Chemist: 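Sharing a structure, written as structure tokens. Questions coming.
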Amino acid sequence: MSSLCKHGRNKEAREVFDSMSAKGQKPDVISYSILLHAYANEGMMDDAMLIFKEMTHKEVKPNVVTYSTVIAVFCRMGQLDCAMNIFSQMINHGIPPNEAVYHCLIQAFCCQGDLVKGKELISEMIDKGMRPNNVFFGSIIKGLCRKGRAMDAQDIFDFIIRIGLHPNVIMFSSLIHGYCLVSKMDEAMKILHAMKSAGLQPNVVVYGTLVNGYCKTGRIDNALSLFHEMSLKGVKPTNLVYKVILGELLLAGRVVVAKEKFNEMVGSGILVSAATYNTFLSGLCTNDCSEEAIMLFKKTHAGNVKIDIRTLDIMIAEMFKTRRTEEAKDLFASISVIGLIPSVETYHIMMTYLIKEGMLDDADTVFSTMQKTGCPLNSRLLNYVVRVLLERGEIVRAGNYLSKIDEKNFTVEASSIELLISFFSKETCRKRVELLPASISFLWKLATIDTSHVSLYPPETLVLFVMNHDGYATVSS
DNA sequence: ATAGGGTTAG
């Protein structure tokens, strides 16, 4: 039964359980507890409670594990009063609660109830001779911090120091993270100092948390100085810390420093993830350093720098933007050679730029390749393609992609409709409306009626056309 | 069989 439950096969476990009863065997406390726990784990709280009730009927005495599981069930459902009832019940039945039971309750009271009651229970368990450890408190502090309750986490933190425990690096970093989450960077820094005073050496997670916190609050120079302090202390920044700081530097337009940091990272020999590399490359591009990005990309293929499909997306787009159409096409062609798979985004970039370059047949070829490879089509791509085609006056091709939208039951986005309307409002283009697929061509009349928010078309079929505020057009009759 | 630590994710 135990192994069945472990593999999520609760139904079979239940069958084993039932067959035991059928054979006249009386399931023991452990069997009941296993089943109870399995149900609780799957969120089937009602079934779990039925098992618990069944035990009392069959006169199987719940033990500490059974109670603990039931208490956990109530705590998870946020029914703390019920949890406390079970807690009293077990004490009345002469079963002393253990650490697991206290942990459940304390965690629940601290994170979703009364902090004072939580602390009361902590004192109670200490009085009973149990020594809650750092792991135990760590999860409570994390739970509070996750909810943005850094001050309450601090309260518990101070409390455990008062009762003579020594928080470790992990607990300090949890609390620091808690303050970072609510943008209280000064408080977070106080904790860093407290940590140093306690004789603990901040590690890369602590520094990384703070660097990230400073970045997210726009205090990039503070982030940089911590970054510096970290290196001085011999704490090696990880790829992720670099990613955070590079992203932020480039967002702030600090290209020179970003380049320094990038070179430093590559030079240090750590593995540079594709995500970090992409952050750097796209940051360069948004800071008008496309040429540099392209040069870098061409030389950094090997070594400790990883690439992924997103890297190629960025570079293909950049090559188009810098009029390197052939190189863009070559790069696209090389994707499968490198062993990567183009994403919808890749196809999106290829098609829209090819159309903008007037290479319409190439764009169609890319589209059919996409269909052949089974890459899932999305509405955004089709709408985008329709718009760039319309902008070039390519009605027939736009019509083809509009039919695809229809076929797939996607929505024609409001901006696509707007473009259709403004295109066909031009006297010279009006007649070309018949080049559109029938399902779409009705739109041209809209242009002559009303292009604002609500229009009625055509009067004889009463079709209501509404431009939603979320940017989608809906047509209903 | 019960509770059960940390930072950044296009």
Side-chain angles (χ1 to χ4, degrees), chain A residues 1-6 13 28-41 51 62-73 75-76 90 95 97-108 125 130 132-146 153 157 167-181 188 191 195 200 202-216 223 226 230 235 237-248 251 273-283 286 308-311 313-314 343 345:
Chain A
M1 253 181 79
S2 158
S3 85
L4 282 173
C5 288
K6 262 186 203 148
D28 60 358
V29 180
I30 295 175
S31 308
Y32 269 111
S33 300
I34 293 171
L35 203 61
L36 177 55
H37 182 244
Y39 280 128
N41 248 359
I51 300 291
N63 63 18
V64 66
V65 177
T66 329
Y67 277 116
S68 166
T69 309
V70 174
I71 287 171
V73 167
C75 286
R76 226 182 296 168
M90 72 184 289
I95 294 165
N98 62 9
E99 273 138 0
V101 173
Y102 272 108
H103 189 187
C104 261
L105 287 168
I106 292 167
Q107 169 102 319
M125 75 181 286
M130 286 172 246
N133 58 20
N134 280 336
V135 178
F136 178 96
F137 284 121
S139 76
I140 293 166
I141 287 175
K142 191 194 168 192
L144 286 166
C145 288
R146 200 169 36 202
F157 193 82
N168 59 13
V169 179
I170 295 178
M171 291 183 66
F172 272 103
S173 78
S174 294
L175 187 57
I176 288 173
H177 179 231
Y179 278 121
C180 290
L181 275 180
I191 305 303
M195 175 177 181
L200 293 170
N203 61 13
V204 67
V205 176
V206 174
Y207 279 117
T209 305
L210 285 161
V211 165
N212 184 55
Y214 272 133
C215 284
K216 293 288 174 292
L226 268 181
M230 175 156 98
V235 179
T238 58
N239 161 63
L240 279 164
V241 182
Y242 274 112
K243 180 181 184 301
V244 169
I245 205 132
L246 283 174
E248 207 54 34
L251 197 66
S273 74
T276 305
Y277 189 38
N278 295 345
T279 300
F280 185 62
L281 283 179
S282 62
T286 52
D308 64 7
I309 188 62
R310 173 98 181 101
T311 320
D313 291 348
I314 296 166
S343 68
E345 190 56 28

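By convention in this document, chain letters (A, B, ...) are assigned in the order of the sequence lines, proteins followed by strands, and residues within each chain are numbered from 1. The structure presented is a predicted model; accordingly, all values stated were derived computationally and were not measured.
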Chemist: Does either side chain, that of N239(A) or that of K243(A), offer a donor lying less than 3.5 Å from an acceptor on the other one?
Modeler: no
Chemist: Can you tell me which nucleotide in dG4(B), dT2(B), dT8(B) comes closest to the side chain of V244(A)?
Modeler: dT8(B)
Chemist: Would you call the rings of F136(A) and H103(A) parallel, tilted or perpendicular, taking 30° and 60° as the class edges?
Modeler: tilted
Chemist: CG of L144(A) versus C1' of dG5(B): gap in Å, rounded?
Modeler: 13 Å
Chemist: Within this structure, what is the CD1-to-C1' distance between I141(A) and dT7(B), rounded to whole angstrom?
Modeler: 16 Å
Chemist: How far apart are the closest heavy atoms of C215(A) and E248(A), and which atoms are they?
Modeler: O-OE2, 3.1 Å
Chemist: Between dA1(B) atom C1' and L36(A) atom CG, what is the distance in whole Å?
Modeler: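 After rounding, the reported distance stands at 10 Å.
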Chemist: Counting only side-chain heavy atoms from C-beta out, which of dG5(B), dT7(B), dT2(B) sits nearest to T209(A)?
Modeler: dT7(B)
Chemist: Distance alone, cut at 3.5 Å: any donor-acceptor contact between the side chains of T69(A) and T66(A)?
Modeler: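 No.
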Chemist: For the side chain of R310(A), counting heavy atoms from C-beta on, which of dA1(B), dG5(B), dG10(B) is nearest?
Modeler: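 Nearest nucleotide to the side chain: dG10(B).
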Chemist: Can you tell me how far C1' of dT2(B) sits from CE of M130(A), to the nearest Å?
Modeler: 14 Å
Chemist: Record whether the side chain of N278(A) comes under 3.5 Å of the base of dG10(B) through a donor-acceptor pair of N or O atoms.
Modeler: yes
Chemist: Between P on dG4(B) and NZ on K142(A), what's the gap in Å once rounded to a whole number?
Modeler: 10 Å
Chemist: Picking from dG6(B), dT2(B), dG10(B), which would you name as closest to the side chain of H37(A)?
Modeler: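 Side chain of H37(A) sits closest to dT2(B).
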Chemist: With respect to the side chain of T279(A), which nucleotide from dG10(B), dG4(B), dG6(B) is positioned closest?
Modeler: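 Nearest to the side-chain atoms of T279(A), counting from C-beta on, is dG10(B).
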Chemist: Let's see if you can work this out: which of dT2(B), dG4(B), dG5(B) has an atom nearest to the side-chain heavy atoms of N168(A)?
Modeler: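 In terms of side-chain proximity for N168(A), the closest of dT2(B), dG4(B), dG5(B) is dG5(B).
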Chemist: From C-beta outward on K216(A), which listed nucleotide comes closest to its side chain: dA1(B), dA9(B), dG6(B)?
Modeler: dA9(B)
Chemist: Remember a base hit wins even if backbone is also touched, and classify L240(A) as base, sugar-phosphate or nothing at under 4.0 Å, heavy atoms.
Modeler: base
Chemist: Between the base of dG6(B) and the side chain of S173(A), is there any donor-acceptor pair under 3.5 Å?
Modeler: yes
Chemist: Within the pair H103(A) and dG4(B), is there a side-chain N or O less than 4.0 Å away from OP1 or OP2?
Modeler: no
Chemist: Using only heavy-atom distances, decide whether a donor-acceptor pair under 3.5 angstrom links the side-chain of S68(A) to the base of dT2(B).
Modeler: yes
Chemist: Return the nearest nucleotide to the side chain of C104(A); candidates are dG5(B), dA3(B), dA1(B).
Modeler: dA3(B)
Chemist: Would you say the ring centers of Y242(A) and F280(A) fall short of 6.0 Å from each other?
Modeler: no
Chemist: Whole angstrom is fine here: how far is it from NZ in K243(A) over to P in dT8(B)?
Modeler: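 So the NZ-P distance, K243(A) to dT8(B), works out to 12 Å.
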Chemist: Checking all strands, does S174(A) fall into the base, sugar-phosphate, or nothing category for heavy-atom contacts under 4.0 angstrom?
Modeler: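 Sugar-phosphate contact only.
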Chemist: Looking at dA3(B), does its base get a donor-acceptor pair with the side chain of N98(A) below 3.5 Å?
Modeler: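 It does not, because no donor-acceptor pair links the side chain of N98(A) to the base of dA3(B) below 3.5 Å.
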Chemist: Just the rounded figure in Å: distance from P of dT7(B) to CE of M171(A).
Modeler: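 Distance, rounded to whole Å: 14 Å.
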Chemist: Contact class for A72(A) (heavy atom, under 4.0 Å): base, sugar-phosphate, or nothing?
Modeler: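 Counting heavy atoms under 4.0 Å across all strands, no contact is made by A72(A).
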Chemist: Just to be sure I understand the rule, does V206(A) reach a base, reach only the sugar-phosphate, or reach nothing, if contact means heavy atoms closer than 4.0 Å?
Modeler: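 The answer is base, as V206(A) lies within the cut-off (heavy atoms under 4.0 Å) of a base atom.
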Chemist: Could you give me the CA-CA distance, side-chain angles and deciding distance for F137(A) and F157(A), then say whether side chain to side chain contact (heavy atoms under 4.5 Å, CB included) is met?
Modeler: CA-CA 8 Å; F137(A) 284 121; F157(A) 193 82; over 6 Å; no
Chemist: When the distance from CD1 of I191(A) to C1' of dG5(B) is rounded to whole Å, what number comes out?
Modeler: 16 Å
Chemist: Would you mind classifying the nucleic acid contact of V101(A) as base, sugar-phosphate or nothing, using non-hydrogen atoms under 4.0 angstrom?
Modeler: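 No contact.
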